[in-house]
Amino acid sequence: MTFDDQELLQKHPVLERILIGSSDIQRRVKELGNEISRDYGKRVPVLVSILKGSYIFLADLTRCLSIHHEVDFMAVSSYEGGTQSTGVVKIEKDLKTNITDRDVIVVEDIIDTGLTINHLVELLETRAPRSIRVCALLDKKPARTKDVDIAYVGFEIPNEFVIGYGLDYDEKYRHLPFIGIMKG
Ligand code: IMP
């Protein structure tokens, strides 16, 4: 069963509005997949998905790649239920893949302050990958406190708390097919 964006918006009164509709997300993810496929050609990158927020993005992105690639998962915690960054990043689950000499693409849902991704890239670089790039669905640039080089960006968004397409508020709303802004 599929739900219409507008129908779902009515069902969830916590939502103020839809920021990026499901068809726009699908179109952009396809473009990112094409771009990555072109850039990597015959190389076989390892897509490192940062749980939990990027699981839906990864699932769609991987099906838009026309090149061989592998996937692996890492889990880190930086938010404890609310909407504020604690600045504390803890590795909850590490990779199974040995990334030494591999081309790594870190797949993130959203770059907010940049603290999480900075910490992660620094950590992964100690394992001597051949290359490492970041692919983020959302870039909340106005919230940035740490400079981050993001090779592939889905959408730049304003400094609002968003949910849906993998992003949660207190573990809820990840299943929504669009990116929505919560009521303040
Ligand atoms: P950063 O360390 O501040 O860049 O935060 C990155 C992480 O915070 C993301 O991977 C998300 O899990 C979470 N996050 C940041 N902004 C939002 C948001 O607007 N909605 C839901 N989660 C968010």
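Atoms within each ligand, like the ligands themselves, are counted from 1 in listed order.
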(request) Over 60° means perpendicular and under 30° means parallel, so classify the ring planes of His12 and His175, tilted if in between. (result)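 Ring orientation of His175 relative to His12: perpendicular.
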In this structure, does ligand 1 have an atom that sits under 4.0 Å from one of the heavy atoms of [X]?
X	value
Asp109	yes
Ile110	yes
Lys140	yes

(message) Heavy atom to atom 20 (N) of ligand 1, shortest distance: which of Ile157, Leu120, Val162, Leu167 holds it?
(response)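 Residue with the shortest heavy-atom distance to the ligand atom: Val162.
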For residues 65-72, run the donor-acceptor check on the side chains, cut-off 3.5 Å, and write out each pair with its distance to 0.1 Å, sequence neighbours left out.
from  : atom 1 : to     : atom 2 : distance (Å)
Ser66 : OG     : Ser37  : OG     : 3.4
His69 : ND1    : Ile67  : O      : 3.0
His69 : NE2    : Thr62  : OG1    : 2.5
Glu70 : OE1    : Arg102 : NH1    : 3.4
Glu70 : OE2    : Arg102 : NH2    : 3.2
Asp72 : OD2    : Lys96  : N      : 2.8
Asp72 : OD2    : Thr97  : N      : 2.8
Asp72 : OD2    : Thr97  : OG1    : 2.6

(message) For Glu156, give me all partners under salt bridge (Lys or Arg N to Asp or Glu O under 4.0 Å), at least two apart in sequence or on another chain.
(response)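 Listed in chain order: Lys141.
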Between [Y] and [X], does any NZ, NE, NH1 or NH2 come within less than 4.0 Å of an OD or OE carboxylate oxygen?
X	Y	result
Lys11	Glu7	no
Arg63	Asp60	yes
Glu35	Arg38	no

(message) So for ligand 1, is Asp168 a polar contact partner (N or O within less than 3.5 Å, distance only)?
(response) no
Using a strict cut-off of 4.0 Å, indicate which atoms of ligand 1 neighbour a heavy atom of [X].
X	result
Thr116	1 (P), 2 (O), 5 (O), 6 (C)
Gly114	1 (P), 3 (O), 4 (O)
Glu108	10 (O)
Glu160	19 (O)

(request) Please report the closest heavy-atom contact between Cys135 and Ile36, naming both atoms and the distance. (result) SG-CD1, 4.2 Å
